Amino acid sequence: MTPNYPPPAPAPPSGPVIPIAIVGPQFCVPYTVDLTVTEKAISLTDGDYAVTDVNGSILFKVKGKFLSLRDRRVLLDAAGNPLLSMQQKAMSMHRRWQVFRGDSTNTGDLLFSVKKSSLLQFKTELDVILASNTTESVCDFKIKGSFHERSCLVYHGDSTNVIARMNRQYSVKNIVLGKDAFGITIYPSVDYAFVVALIVILDEINEDRHD
């Protein structure tokens, strides 16, 4: 039987693009960025996720706080400096995750949150809400696709403007070690640290067995 592959992602936009800097402008570059996010099967020392570029160099690591009462992950740069703290909000029906600057969990350092668009989902659909969007009447970014097939697109707002895409990557090494790897393509002038955080939260929400 022929596999039912998802349609190809739209091409990146052409012409001048306004940078989308959420974590910081240093993560916005004028070209497409291809990254690999590898989820560790055993992650007591090296981090829960490792993020590498096309040359295999580590750009980020994501480490969990194992003794915390709630699910919590910290995005670190290559030097080990905390960039973002990601924490699942307690008593959240939509599996809302809140993302703070650095290693903070203070309300004043909140950057954005991510939640399921609806409680009952047959396809993956998440809303991304910036901290400045207090009414939440419209999302600032949206993730759609099929997490089961590891094929998702990130949209700017509730629109058809794609800013990044994710697909599963296969390798003999990862299969043997029990690791899951995602390929991410981030379009020019889009904050790639922000997109990495979205993919990690997407993975966490979909792996939540208490859903």
Side-chain angles (χ1 to χ4, degrees), residues 5-39 49-62 73 75-78 83-84 86 97 99 101 111-117 123-133 136 138-171 180-206:
Y5 292 110
S14 59
V17 177
I18 299 174
I20 298 175
I22 308 299
V23 182
Q26 68 270 34
F27 301 113
C28 298
V29 292
Y31 50 83
T32 298
V33 176
D34 290 306
L35 301 175
T36 298
V37 180
T38 304
E39 182 181 4
Y49 302 84
V51 183
T52 54
D53 61 16
V54 293
N55 298 315
S57 301
I58 292 180
L59 297 184
F60 307 106
K61 285 185 178 181
V62 179
R73 302 287 181 267
L75 178 68
L76 309 169
D77 65 14
L83 298 173
L84 298 174
M86 299 167 276
W97 280 69
V99 181
R101 189 174 299 281
L111 288 178
F112 62 93
S113 59
V114 184
K115 66 182 183 70
K116 286 186 174 184
S117 302
K123 288 285 189 178
T124 300
E125 186 170 340
L126 304 179
D127 290 344
V128 183
I129 311 292
L130 296 181
S132 58
N133 183 0
E136 300 190 9
V138 180
C139 64
D140 297 284
F141 302 90
K142 187 176 281 287
I143 303 171
K144 290 182 179 181
S146 171
F147 187 81
H148 177 71
E149 297 174 352
R150 301 302 194 267
S151 177
C152 292
L153 299 177
V154 182
Y155 297 86
H156 192 188
D158 194 4
S159 70
T160 58
N161 182 16
V162 177
I163 63 169
R165 53 190 171 92
M166 179 195 85
N167 62 279
R168 169 172 268 164
Q169 288 190 347
Y170 294 95
S171 73
D180 205 359
F182 315 99
I184 316 174
T185 297
I186 302 100
Y187 291 165
S189 301
V190 175
D191 189 324
Y192 56 87
F194 168 62
V195 175
V196 167
L198 294 184
I199 298 304
V200 169
I201 293 172
L202 169 66
D203 186 39
E204 293 290 340
I205 289 177
N206 282 277

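Basis for what follows: all heavy atoms, side chains included, without hydrogens, waters or symmetry-related copies. Computed from a predicted model, the values in this text were never measured in an experiment.
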Could you pull out all residues at least two apart from D77 that satisfy side-chain hydrogen bond (donor to acceptor under 3.5 Å, both in side chains)?
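With neighbours one apart ignored, the set is N81.
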Restricting to side-chain hydrogen bond (donor to acceptor under 3.5 Å, both in side chains), what partner residues turn up for D53, sequence neighbours left out?
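With sequence neighbours excluded, D53 shows a side-chain hydrogen bond (donor to acceptor under 3.5 Å, both in side chains) to no residue whatsoever.
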Applying ring pair (Phe, Tyr, Trp, His ring centres under 6.0 Å), can you list everything that pairs with F112, at least two apart in sequence or on another chain?
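Residues passing ring pair (Phe, Tyr, Trp, His ring centres under 6.0 Å) with F112: F194.
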In terms of side-chain heavy atoms, does S117 have a donor or acceptor partner in D127 at a distance below 3.5 Å?
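The criterion, which ignores hydrogens and geometry beyond distance, is satisfied for D127 and S117.
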Nearest heavy atoms of [X] and [Y], plus distance in Å:
| X | Y | result |
| --- | --- | --- |
| Y192 | F27 | CD2-O, 2.8 Å |
| I205 | K116 | CG2-CE, 3.7 Å |
| C28 | S189 | SG-O, 3.9 Å |
| W97 | M86 | CZ3-O, 3.5 Å |
| G24 | D191 | N-OD2, 3.0 Å |

Within the 4.5 Å heavy-atom criterion, are [X] and [Y] side-chain neighbours or not?
| X | Y | answer |
| --- | --- | --- |
| I201 | V99 | yes |
| Y49 | V196 | no |
| F182 | L202 | no |

Is there a donor-acceptor pair closer than 3.5 Å between any side-chain N or O of R101 and the backbone N or O of V23?
yes
Give a yes or no answer on whether the side chain of D34 reaches the backbone of V54 with a donor-acceptor pair at less than 3.5 Å.
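Judged by distance alone, no pair lies under 3.5 Å.
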Contacts of D140 that satisfy side-chain contact (heavy atoms from CB on, under 4.5 Å) - sequence neighbours left out
I129, L130, N133
To the nearest 0.5 Å, how far apart are CZ in R73 and CG in D203?
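Going from CZ on R73 over to CG on D203, the span is 9.5 Å.
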Going from OG1 on T124 to NZ on K144, what distance comes out if it is rounded to the nearest 0.5 angstrom?
12.0 Å
